[in-house]
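Heads up, the thing below is written out as structure tokens.
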Amino acid sequence: MKIVTYNVNGIKARLPRLIEYLTEAQPDVVCLQELKSSDETFPEAEIRAAGYGAVWHGQKGFNGVAVLAKGVDPVERQRGLAGEPEDEHSRYLECEVFGLVIASIYLPNGNPVPGPKFDYKLRWFERLQARARALLAEERPVILAGDYNVIPNDDDTFSVKAMAADALMQPESRHGYRALLAQGWTDALRTRHPKGGVWTFWDYQAGAWQRDAGFRIDHLLLSPAVADRLAEAGVDKDHRGREKASDHAPTWVRLR
DNA sequence: ATGTCTAGCAATGCTAGA
């Protein structure tokens, strides 16, 4: 079973690429982020025609997350995180499908540092930690998949120096991520590629793709019941090099 | 160090967000 997280950077602009990916890779589940689409304009018909059911949590202009599943509609469990009722960003969608609980997560970027956007990122992290703790207590197979906007370790970026001032690499951001791991979640990519050097994002600017100047910010965190079934983890990097590609590549785990 | 891309609004150019 192949489970994917893919920040599409605009689902309408990316639709040909997404359909192509579903057709070629035939993933069982895909968590999408940055739909940049309202609920009304989500391209449900095209995704259904490609053989996938979908649940989505959209927002006009930016953010937006979805969960797709091959041949079936995922069953929604929760949209949004508790703890900040005035927060209207669409960044969390939790579903059940194929016996798994799967959440599509789009953590705030948090730039510039310091500032209200960085403060919001850290508060959102705490809200996610609370939800993650509750999910672990269910003792079920759970995957928290998404764009965490965190570079967890120094060997998860092409350049520590270039990223030093960025919200993605601040100690507070890394602490938020490590606090999740400390709860008992497994970073699937890290487990399979312990020496680092695996990127999931390459900026559109400054020839980042051509220079392979990327970093790892898309993560799949596995509950113990899923970690036992982890067979492989990787990045479908070639999709980043295609015409009109997203700045993120699909990132995946294969489960037994 | 900001060289790119997407979307929205309004109007074919700008702004915001990343």
Side-chain angles (χ1 to χ4, degrees), chain A residues 5-21 31-44 46-47 56-66 84 86-93 104-125 128 145-152 156-170 172-174 176-177 199-219 237-251:
Chain A
T5 180
Y6 184 17
N7 178 323
V8 288
N9 189 17
I11 195 166
K12 292 190 282 286
R14 211 65 60 215
L15 196 55
R17 283 288 85 84
L18 174 63
I19 299 301
E20 180 180 84
Y21 182 71
C31 295
L32 300 175
Q33 300 87 33
E34 276 206 271
L35 304 177
K36 299 187 175 182
S37 165
S38 64
D39 283 337
E40 294 73 23
T41 54
F42 182 85
E44 181 186 8
E46 291 87 342
I47 287 168
W56 59 95
H57 180 26
Q59 183 173 357
K60 195 160 95 174
F62 67 122
N63 302 326
V65 285
E84 199 166 320
E86 64 277 22
D87 181 9
E88 292 180 346
H89 288 199
S90 298
R91 298 181 175 277
Y92 184 88
L93 181 62
S104 182
I105 288 168
Y106 180 45
L107 231 115
N109 174 295
N111 281 303
V113 182
K117 290 183 179 177
F118 189 61
D119 296 341
Y120 171 60
K121 177 179 196 157
L122 300 182
R123 290 200 309 278
W124 207 91
F125 235 136
L128 177 62
D147 177 359
Y148 282 73
N149 272 311
V150 175
I151 298 168
D156 289 319
T157 173
F158 73 103
S159 166
V160 168
K161 195 178 163 192
M163 299 304 295
D166 200 284
L168 279 55
M169 229 179 74
Q170 294 313 297
E172 297 91 332
S173 304
R174 287 179 162 183
Y177 190 75
W199 318 144
T200 67
F201 170 94
W202 295 258
D203 203 297
Y204 288 126
Q205 298 190 66
W209 170 249
Q210 288 74 13
R211 294 188 292 126
D212 197 28
F215 36 89
R216 187 173 76 100
I217 53 175
D218 300 277
H219 308 302
K237 187 176 171 180
D238 70 292
H239 286 264
R240 175 62 182 84
R242 299 193 185 192
E243 190 83 8
K244 293 267 284 174
S246 169
D247 40 7
H248 297 249
T251 303

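Computed from a prediction, not measured in an experiment: that's the story for all the values here. Protein chains get the first letters and strands the later ones, always in sequence-line order, with residue 1 at the start of each.
- The residue among A:Asp147 and A:Lys12 whose nearest nucleotide of DNA chain B lies closer to the 5′ end is A:Lys12.
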Review item, nucleotides 9-13 of chain B N/O atoms under 3.5 Å of protein N/O:
from, atom 1, to, atom 2, distance (Å)
B:dC9, OP1, A:Lys60, NZ, 2.9

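- In this structure, A:Tyr92 has no ring pair (Phe, Tyr, Trp, His ring centres under 6.0 Å) partners at least two apart in sequence or on a different chain.
- Looking at residues two or more places apart in sequence or on another chain, you find no salt bridge (charged side-chain N to carboxylate O under 4.0 Å, His left out) involving A:Asp203.
- Judged purely by distance below 3.5 Å, without hydrogens or angles, the side chains of A:Asp218 and A:Thr200 pair a donor atom with an acceptor atom.
- Within residues 237-251 of chain A, the residues approaching DNA chain B are A:Lys244, by heavy-atom distance under 4.0 Å.
- A close approach under 4.0 Å does occur between a side-chain nitrogen or oxygen of A:Lys117 and OP1 or OP2 of B:dG17.
- A:Phe201 comes within 4.0 angstrom of no nucleic acid atom, judged by non-hydrogen atoms across all strands.
- A side-chain donor-acceptor contact under 3.5 Å links A:Lys36 and A:Asn9.
- Residues that satisfy the side chain to side chain contact (heavy atoms under 4.5 Å, CB included) test with A:Glu84, not counting sequence neighbours, are A:Glu86, A:Asp87, A:Tyr120, A:Arg123, A:Arg127.
- A:Arg17 comes within contact range of no nucleotide atom at all, as no heavy-atom separation falls under 4.0 Å.
- Taking only side-chain atoms of A:Ala13, from C-beta outward, the nucleotide of B:dT2, B:dA7, B:dC5 with the closest atom is B:dA7.
- For A:Arg240, there are no salt bridge (charged side-chain N to carboxylate O under 4.0 Å, His left out) partners at least two apart in sequence or on another chain.
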